[in-house]
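Keep in mind that this is a model prediction, so the values were computed, not measured. Protein chains get the first letters and strands the later ones, always in sequence-line order, with residue 1 at the start of each.
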Amino acid sequence: EADIYQTPRYLVIGTGKKITLECSQTMGHDKMYWYQQDPGMELHLIHYSYGVNSTEKGDLSSESTVSRIRTEHFPLTLESARPSHTSQYLCASSERLGSYEQYFGPGTRLTVT
Amino acid sequence: AQTVTQSQPEMSVQEAETVTLSCTYDTSESDYYLFWYKQPPSRQMILVIRQEAYKQQNATENRFSVNFQKAAKSFSLKISDSQLGDAAMYFCAYRSAGSEKLVFGKGTKLTVNP
């Protein structure tokens, strides 16, 4: 399996709380991505980054924000969690050049009560 | 906008048999990549196989092969000699050569019966 890690794996939190989902990779990949996946549904890209200090919004509108201060780290933050944020969040990375393969982390399953 | 359709929400196969998962896509691009990803229960999503649109030859990875029909915009996955470890959600995905975005289908849940 790829060297990409996400913490926490599971999180239950109350409405209005601020949360940060962590994602780290040890492969030195420039590109990193965040996807949202509802149960039994396809993945939707919510954020991506080309490298340090680069962040872009994906197709799916999201109230979350991301930062990329270090190559290996790409955290996602929700300033005020709501029940509509309940979902699985998957982080991925890929090399700047090459085959476009994306390596996925194990995901964080978030429940907002 | 590009779309990916997987028409089989669930499939089942007997161990050691062969199964084919269907995928169609819609695009006006000529240069793109197609992927099959596997997501086992509670485990990381991993790439199974990749096909470049400019290649006519179908990709093969051990027991996994694809039938890529560019004109029909079809990209099916064949799993031969199915094993219990093949049980998972399988996602078909598309990526334009000029884009960062992977477009996923809704997935097919594959069950392998012993």
Side-chain angles (χ1 to χ4, degrees), chain A residues 1-10 23-25 27 29-51 54-60 62 66 68 74 88-109, chain B residues 1-11 21 23-26 29 31-55 59 61 64 85 88-111:
Chain A
E1 295 183 344
D3 297 324
I4 180 164
Y5 310 98
Q6 291 184 244
T7 57
R9 292 292 308 277
Y10 303 92
C23 175
S24 295
Q25 50 94 4
M27 297 172 283
H29 288 171
D30 284 326
K31 298 178 182 176
M32 296 189 73
Y33 312 83
W34 276 103
Y35 292 88
Q36 186 173 341
Q37 183 185 26
D38 291 329
M41 300 294 287
E42 67 268 47
L43 284 72
H44 291 285
L45 181 68
I46 51 174
H47 296 283
Y48 62 98
S49 167
Y50 289 107
S54 155
T55 61
E56 303 286 343
K57 288 189 179 296
D59 276 349
L60 185 67
S62 173
V66 292
R68 191 87 183 277
F74 191 43
Q88 174 158 255
Y89 294 84
L90 294 171
C91 181
S93 71
S94 68
E95 296 180 73
R96 173 168 287 281
L97 300 175
S99 63
Y100 290 92
E101 176 178 351
Q102 293 187 14
Y103 297 87
F104 285 82
T108 294
R109 189 169 295 279
Chain B
Q2 295 90 0
T3 59
V4 176
T5 301
Q6 293 179 249
S7 60
Q8 306 152 317
E10 297 187 26
M11 292 282 286
L21 308 184
C23 173
T24 58
Y25 59 95
D26 186 26
E29 304 280 341
D31 192 8
Y32 52 87
Y33 300 82
L34 295 165
F35 307 86
W36 278 98
Y37 278 89
K38 171 185 177 182
Q39 187 178 36
S42 302
R43 294 187 63 189
Q44 287 171 251
M45 184 173 295
I46 59 172
L47 180 68
V48 174
I49 199 164
R50 178 186 72 250
Q51 175 81 42
E52 291 87 347
Y54 63 84
K55 290 187 177 179
E61 288 287 342
F64 299 87
M89 284 290 291
Y90 286 82
F91 291 93
C92 179
Y94 164 99
R95 184 171 184 170
S96 170
S99 172
E100 292 301 326
K101 184 178 67 173
L102 267 178
V103 179
F104 284 86
K106 292 185 184 296
T108 296
K109 182 180 180 180
L110 178 66
T111 300

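Expressed to the nearest 0.5 Å, how far CZ of A:Phe104 lies from CG of B:Leu102 amounts to 6.0 Å. In this structure, CD in B:Gln44 is found 8.0 Å from CD1 in A:Ile4, a value given to the nearest 0.5 Å. To the nearest 0.5 Å, the span separating CD on A:Gln37 from CZ on B:Phe104 amounts to 8.5 Å. Taken to the nearest 0.5 Å, the NZ atom of B:Lys106 stands 3.5 Å off from the CE atom of A:Met41.
For A:Gln88, the part sitting under 4.5 Å from any heavy atom of chain B is the side chain, from C-beta outward, and nothing else. Both the backbone and the side chain of A:Leu43 come within less than 4.5 Å of a heavy atom of chain B. Proximity to chain B is limited to the side chain of A:Arg9, based on heavy atoms less than 4.5 angstrom apart.
Among residues two or more places apart in sequence or in another chain, the side-chain hydrogen bond (donor to acceptor under 3.5 Å, both in side chains) test is passed with B:Thr24 by none. In terms of the salt bridge (Lys or Arg N to Asp or Glu O under 4.0 Å) criterion, B:Lys38 has no residue partners (sequence neighbours excluded).
Of all the listed residues (A:Gly58, A:Gly105, A:Gly107, A:Ala92), the one sharing the greatest number of non-hydrogen pairs under 4.5 Å with chain B is A:Gly105. Annotation: maximal heavy-atom pairing with chain A below 4.5 Å, among B:Lys109, B:Met89, B:Gln39, occurs at B:Gln39.
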Review point. After noting the C-alpha distance and the side-chain angles of A:Gln102 and B:Met45, does the key distance pass the side-chain contact (heavy atoms from CB on, under 4.5 Å) rule?
Key: CA-CA 10 Å; A:Gln102 293 187 14; B:Met45 184 173 295; over 6 Å; no
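Distance alone, capped at 3.5 Å, places no donor-acceptor pair between the A:Tyr33 side chain and the B:Lys101 backbone.
No side-chain N or O of A:Glu42 forms a donor-acceptor pair with one of B:Gln6 less than 3.5 Å apart.
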